[in-house]
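Counting starts at 1 for both ligands and their atoms, following the listed order.
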Amino acid sequence: MSVSSLQPDPSMIGGISKALFALMPNPARLFKERATRFEVLAETSNLAPYLKFLAGIVRVQADLVAELPPVQPVDAEQVARARDGAMPPIDRSAMIQSDEYRKTVQLFLDRVQDLEMPAAAAEALEAVRAADDETLAWMAGNVIGDTLPVESLAHHLFVAAATQVHAARLAALLDGNALVPVSVGVCPSCGGKPAGSMVIGVQGAEGARYACCSCCATMWNEVRVKCLACGSTKGIGYRSVEVDGGEEAVIKAEICDSCNSWSKLLYQNKNPTLEMIADDVASLGLDLLMKETDYRRAGFDPFLIGY
Ligand SMILES: [Zn+2]
Ligand SMILES: [Zn+2]
């Protein structure tokens, strides 16, 4: 028996003693890596055309990060006030009214025009580009409300993608050590909903679980067995799509019997290439499996549409 096997398994203690509360996004890397992951997943998926389209969308997000002038950080006073009141420092309602945000949306809508995309998406883009300021503001409001009208999901995808760029750039300027937990299932940077969560394999924090914000991409620490919708630690179970060869699934649904919801859990510690948003879309099979149950999906992902 080796010495290390005598140590407590970090996954059993959730890595809590070592794990930072918040991991801040690096937008320059985030969108490039996400685009690459979408491309890789498209090679073997029956969702290939859609995944390729999203890879293109995320490439445009990455280009914008490289191109836009530096964003104005959230002012220090607001950060301190938010911290005192256990509120997220990024006020998303104020954010979508800023000129910087509107410019990001406009530039994104311009750039994305050159992408090859399915006819329905191209039609939706044309409608969004023709929309007046009031309609765009309404769409931005839906995006930050984390609820999209089912009849115009394809339209909202574009506004959501532009919003992710701006929100991630703002979050990147925050000091992760100054963030405090806001409430269950709420991003401590921007107040957004998580897409799901990941068990990470980063040295020093092996086995720690992080919820991933669908808006600004901040990741925050949560204990391993806990519902991200209601906070219950009882009545939690796991479901997964059967994997060939009987191997253990690296993407599971964490289900909660207290509030009847479920959210996706990615075991990045077992497969380091997993990426929250790309693998969320590509693991649609799990969503379809869960649709047959009484559990409702709690995670929010504006890219997971049309199926
Ligand atoms: Zn966030
Ligand atoms: Zn719950």
With the Zn ion (ligand 2) as the apex, the SG/SG angle for Cys230 and Cys256 - to 10°: 110°

Within the 3.5 Å criterion, strictly below it, is a donor on Thr36 or Arg59 matched to an acceptor on the partner's side chain? yes

Phe158 and Phe53 aromatic ring geometry - parallel, tilted or perpendicular at 30°/60° bounds: perpendicular

Please state whether the separation between the Zn ion (ligand 1) and some N/O/S atom of Cys215 is under 2.8 Å? no

Three-point angle Cys216:SG, the Zn ion (ligand 1), Cys187:SG, rounded to the nearest 10°: 100°

Between Cys190 atom SG and Cys213 atom SG, the angle centred on the Zn ion (ligand 1) rounds (to 10°) to 100°

SG (Cys227) - the Zn ion (ligand 2) - SG (Cys259) angle, nearest 10°: 110°

When you compare the side chains of Gln164 and Gln61, does any donor N or O come within less than 3.5 Å of an acceptor on the partner? yes

Ala42 backbone acceptor or donor facing Ser45 side chain under 3.5 Å: no

Any salt bridge linking Glu247 with Lys270? Criterion: basic side-chain nitrogen under 4.0 Å from a carboxylate oxygen. no

